[in-house]
Novice: 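One structure is given below, represented as structure tokens, and several questions about it will come after.
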Amino acid sequence: QALSRLVRKRAAMAALAVVVLLALAGVLAPAVAPYDPLLMSTESSFSPPGAQHLFGTDLFGRDILSRTVYGARVSLAVAFAAVVMACIIGVTLGLVAGYYGGPLEFVIMRAMDMLLAFPGVFLALIVVALLGTGITNAVLAVGISAIPTYTRTVRGCVAASKGYLYVDAARLVGCRDRQIMVRHILPNVIAPVVVLATLGVAWAILNICPLSFLGLGAQPPTPEWGTMLFEGRGWLRQAWWATTFPGLAIMVTVLAVNQLGDGIRDAIDPRLKV
């Protein structure tokens, strides 16, 4: 039923098509990109958009279209990795805290409150400052900053679900706590996690790109949208295309993912009328 409701939402389907196209472009970047993203040519430095270079070239003569396509591979992969990491850790902590309660719940939730005391980007900056620069550390930084959201959401759902009759029935037939949490409670609280994870991809992109812009994420000459914005920031008047097209890629991706997340949220809401 949820899938049928989602399919009927044209905006969500259009957003899904955009996300799939971006993901395919990133995966098939060697076949899609017209040039090598690292190929430099001083003769074509800051060439405006034209037939030879549809998005123009940057300071080093590199094709911006090719770098934008390869940037989709890096940005989306890093965002998905951060969301998967945050989802796994956050859901696990939320399950444990919500099911057992007591001192264990207190310790876990107070730790999450401490993390929530810092804005997401600021917390990511702290983690990167401690671990060092690089894509791997950027994934860890963004993933850690997103863990409290999943933990608090799952903890609330589990706390409400563990008092239902199907949980009591599972205990009566001899199911262990781990079986009850994984096989009986988790499937019934996974819907909000799916929505959070979908919207979390857009949130992760908006946090990873600033890290790369500040030189704390992907390092040059790696083609990444935030890095491309950083490289073209000083040439806005002479070469507007050097930052416009990577910025448009970020905007389109975030809008599409958010629209898809809204559609999924409405589709899986059991209170929504068919």
Novice: Run through I126, N137, L216 and flag the one making a side chain to side chain contact (heavy atoms under 4.5 Å, CB included) with L131.
Specialist: N137

Novice: Ignoring hydrogens and angles, tell me if any N or O in the side chain of T243 forms a donor-acceptor pair with the backbone of G232 under 3.5 Å.
Specialist: no

Novice: Can you name the one residue among M40, H53, R67 that meets side chain to side chain contact (heavy atoms under 4.5 Å, CB included) with D58?
Specialist: R67

Novice: Check this for me: F122, atom CZ, are more than 12 non-hydrogen atoms of other residues, nucleotides or ligands nearer than 6.0 Å?
Specialist: no

Novice: Please say whether more than 12 non-hydrogen atoms of neighbouring residues, nucleotides or ligands are located less than 6.0 Å from CD in Q238.
Specialist: yes

Novice: Ion pair present between R152 and D113, side-chain N to carboxylate O less than 4.0 angstrom?
Specialist: yes

Novice: Taking a hydrophobic cluster as the set of Ile, Leu, Val, Met, Phe, Trp and Tyr residues connected by side-chain heavy atoms closer than 4.5 Å, whether directly or through intermediates, do L65 and L39 fall within one such cluster?
Specialist: no

Novice: In chain order, what residues pass the side chain to side chain donor-acceptor pair (under 3.5 Å) check against Y35, with sequence neighbours excluded?
Specialist: none

Novice: side-chain contact (heavy atoms from CB on, under 4.5 Å) for T253 and V19? Distances and angles first, verdict last.
Specialist: CA-CA 7 Å; T253 303; V19 173; over 6 Å; no

Novice: Under a 4.0 Å threshold between the charged nitrogen and the carboxylate oxygen, would R110 count as salt-bridged to E105?
Specialist: no

Novice: Would you please classify the geometry between the F46 ring and the W235 ring as parallel, tilted or perpendicular, with 30° and 60° separating the classes?
Specialist: tilted

Novice: Do V18 and L255 share a hydrophobic cluster, counting only Ile, Leu, Val, Met, Phe, Trp and Tyr and linking them when any side-chain heavy atoms are less than 4.5 Å apart?
Specialist: yes

Novice: Under a 4.5 Å side-chain heavy-atom rule over Ile, Leu, Val, Met, Phe, Trp and Tyr, are Y70 and L229 clustered together?
Specialist: no

Novice: Please work out whether the ring planes of F213 and F230 are parallel, tilted or perpendicular, with thresholds of 30° and 60°.
Specialist: perpendicular

Novice: Would you sort out whether F60 and S41 count as a side-chain contact (heavy atoms from CB on, under 4.5 Å), showing the intermediate values?
Specialist: CA-CA 6 Å; F60 302 102; S41 175; over 6 Å; no

Novice: Is the count of non-hydrogen atoms from other residues, nucleotides or ligands lying under 6.0 Å from R176 atom CZ greater than 12?
Specialist: no

Novice: Are any side-chain N or O atoms of S75 and backbone N or O atoms of A72, one a donor and one an acceptor, separated by less than 3.5 Å?
Specialist: no

Novice: How about CG on L130, more than 12 heavy atoms from neighbouring residues, nucleotides or ligands closer than 6.0 Å, or not?
Specialist: yes

Novice: Using the rule that Ile, Leu, Val, Met, Phe, Trp and Tyr join whenever any side-chain heavy atoms are under 4.5 Å apart, tell me whether I108 and V182 fall into a single cluster.
Specialist: no

Novice: Rest of the hydrophobic cluster containing I88 (Ile/Leu/Val/Met/Phe/Trp/Tyr, side-chain heavy atoms under 4.5 Å)?
Specialist: V84

Novice: Please test V158 against M181 for side-chain contact (heavy atoms from CB on, under 4.5 Å), starting from the C-alpha separation and ending with a verdict.
Specialist: CA-CA 9 Å; V158 173; M181 287 189 291; 6.0 Å; no

Novice: Grouping I, L, V, M, F, W and Y whenever their side-chain heavy atoms are under 4.5 Å apart, do I89 and V91 come out in a common cluster?
Specialist: yes

Novice: Side-chain polar contacts of residues 187-211 - donor-acceptor pairs under 3.5 angstrom, sequence neighbours left out - could you list them?
Specialist:
unit_1	atom_1	unit_2	atom_2	d
N188	ND2	H184	O	2.5
T198	OG1	V194	O	2.8
N207	ND2	W203	O	2.7

Novice: Apply the test side-chain contact (heavy atoms from CB on, under 4.5 Å) to residues Y150 and V83: give CA-CA distance (whole Å), side-chain angles for both, the deciding distance (0.1 Å), then the verdict.
Specialist: CA-CA 10 Å; Y150 295 91; V83 169; 3.7 Å; yes

